[in-house]
Protein chains: 2
Amino acid sequence: MELALLLPPGMTVTPTMKEQCPLRDTLDRIGDRWTVIVVVLLLPGPRRFTELMRAAEGISQRMLTHTLRGLERDGLLTRTVHACVPPKVEYELTDPGRALAGPLTELLHWSVRHQESVLAARKTFDADV
Amino acid sequence: MELALLLPPGMTVTPTMKEQCPLRDTLDRIGDRWTVIVVVLLLPGPRRFTELMRAAEGISQRMLTHTLRGLERDGLLTRTVHACVPPKVEYELTDPGRALAGPLTELLHWSVRHQESVLAARKTFDADV
DNA sequence: CTGGATCCGACTGGATACTG
DNA sequence: CAGTATCCAGTCGGATCCAG
């Protein structure tokens, strides 16, 4: 499959037709501040709310809830409530959710490989301005 | 390289230490509304400002400028001004910029493969709420 | 043609307080 | 423990007008 698929003949790339532009839709989902972090933290296995809270340093309760809800909504993770006191809720990636590991790894490769040149370019650019 | 690299031992994933979390940095760069679209439009070859304007349906002049500046700043594309009347400016991806095609293709694969299940899950979720 | 400058609404996300 | 509700600041991005 080619990246050109993002641009079928006669079709423009517009953010307003997300369902016909899957990549756009995906980027909207994982492009926010915390989604990728939460997914990565869940890759090793199920985690509880508070565990995630501690692991994702800097996240607020509100954003952790929002992020988890978004992933649950899209079927990328499951939310399991254990009826006990104190309450215990476990989050676990589904197969589609775990499948994100591949693409994310690719992106990580690129990030690491080009990080130095990117930071250097950024420094130079900012210095000139 | 493993995705776990995103989480070196003893290090937490925090958006505040971007330079030590390359993936986070990358997502910040390509996670906005237009960057990926512009990169994809530039993959076939150099393009002029107005060409990009037409191809990226819905983009405003301001955002096209901003997006191009951001990519130029990170050394992902070059900006060439041809001294003529009317002015002519060409944008062309650099090697690092072109290298983004791989990871983006991976992400596209995931998007297409799971689009149906994601949309279905979303529909179900919204119906229950 | 290729932008820069300004204004402004919408959305994102953090802080805090409260609850079953 | 695992959230919900509310408030609020910062940012993103569109519209419009102006300029080399």
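All chains are named by letter (A, B, ...) in the order of the sequence lines, taking the proteins before the strands, and each is independently numbered beginning at 1.
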Colleague: When you get a sec, tell me which of C:dA17, C:dG3, C:dC1 is the closest nucleotide to the side chain of B:Gln61?
Modeller: C:dG3
Colleague: Rounding to a whole Å, what distance do you find between A:Met53:CE and D:dA2:C1'?
Modeller: 10 Å
Colleague: Measure from the side-chain heavy atoms of B:Met63 and tell me the nearest of C:dA15, C:dC1, D:dG14.
Modeller: D:dG14
Colleague: Could you check how far CZ of A:Arg54 sits from C1' of D:dA2, rounded to whole Å?
Modeller: 13 Å
Colleague: Would you check if the side chain of A:Ser117 reaches a backbone N or O of A:His114 as a donor-acceptor pair within less than 3.5 Å?
Modeller: yes
Colleague: State whether the side chain of B:Thr94 and the backbone N or O of B:Gly75 hold a donor-acceptor pair below 3.5 Å, judged by distance alone.
Modeller: yes
Colleague: Rounded off to whole Å, could you give me the CZ-to-P distance for the A:Arg62 and C:dC11 pair?
Modeller: 13 Å
Colleague: In whole Å, I'd like the distance from the CG atom of B:Asp32 to the C1' atom of C:dT12.
Modeller: 14 Å
Colleague: C:dG4, C:dG14, D:dA2: which one has an atom nearest the side-chain heavy atoms of A:Ser60?
Modeller: C:dG14
Colleague: Choosing from C:dG3, C:dG14, D:dT4, which nucleotide comes nearest the side chain of A:Thr65?
Modeller: D:dT4
Colleague: Going by an N to O cut-off under 4.0 Å, is there a salt bridge joining A:Asp25 and A:Arg29?
Modeller: yes
Colleague: Establish, with yes or no, whether the OP1 or OP2 oxygen of C:dG3 is under 4.0 angstrom from a side-chain nitrogen or oxygen of B:Tyr91.
Modeller: yes
Colleague: Report yes if at least one side-chain N or O of A:Arg69 is closer than 4.0 Å to OP1 or OP2 of D:dT4; otherwise report no.
Modeller: yes
Colleague: Using whole Å, what does the distance between atom P of nucleotide D:dC12 and atom CG of A:Asp28 come to?
Modeller: 15 Å
Colleague: Nearest to the A:Arg79 side chain among C:dG3, D:dG3, C:dG13, which nucleotide is it?
Modeller: D:dG3
Colleague: Among B:Thr78, B:Leu77, B:Ile30, which residue satisfies the side-chain contact (heavy atoms from CB on, under 4.5 Å) criterion with B:Leu71?
Modeller: B:Leu77
Colleague: Kindly say if A:Thr50 contacts the phosphate of D:dA2, meaning a side-chain N or O under 4.0 Å from OP1 or OP2.
Modeller: yes
Colleague: Is it the case that the base of C:dG13 and the side chain of A:Arg33 share a donor-acceptor contact (distance under 3.5 Å, atom types as modelled)?
Modeller: no
Colleague: Can you tell me which nucleotide in D:dA2, C:dA15, C:dC1 comes closest to the side chain of A:Arg48?
Modeller: D:dA2
Colleague: Check the distance between C:dT12's P and A:His66's NE2 and give it to me in whole angstrom.
Modeller: 9 Å
Colleague: Toward the 5' end of DNA chain D, which comes first, A:Pro86 or B:Ile59, by nearest nucleotide?
Modeller: A:Pro86
Colleague: Within this structure, what is the CZ-to-C1' distance between A:Phe49 and D:dT4, rounded to whole angstrom?
Modeller: 10 Å
Colleague: A:Lys88 NZ to D:dG3 C1': how many Å, rounded?
Modeller: 17 Å
Colleague: Any donor and acceptor pair, going by atom type alone, linking the side chain of B:Arg24 with main-chain N or O of A:Arg33 inside 3.5 Å?
Modeller: yes
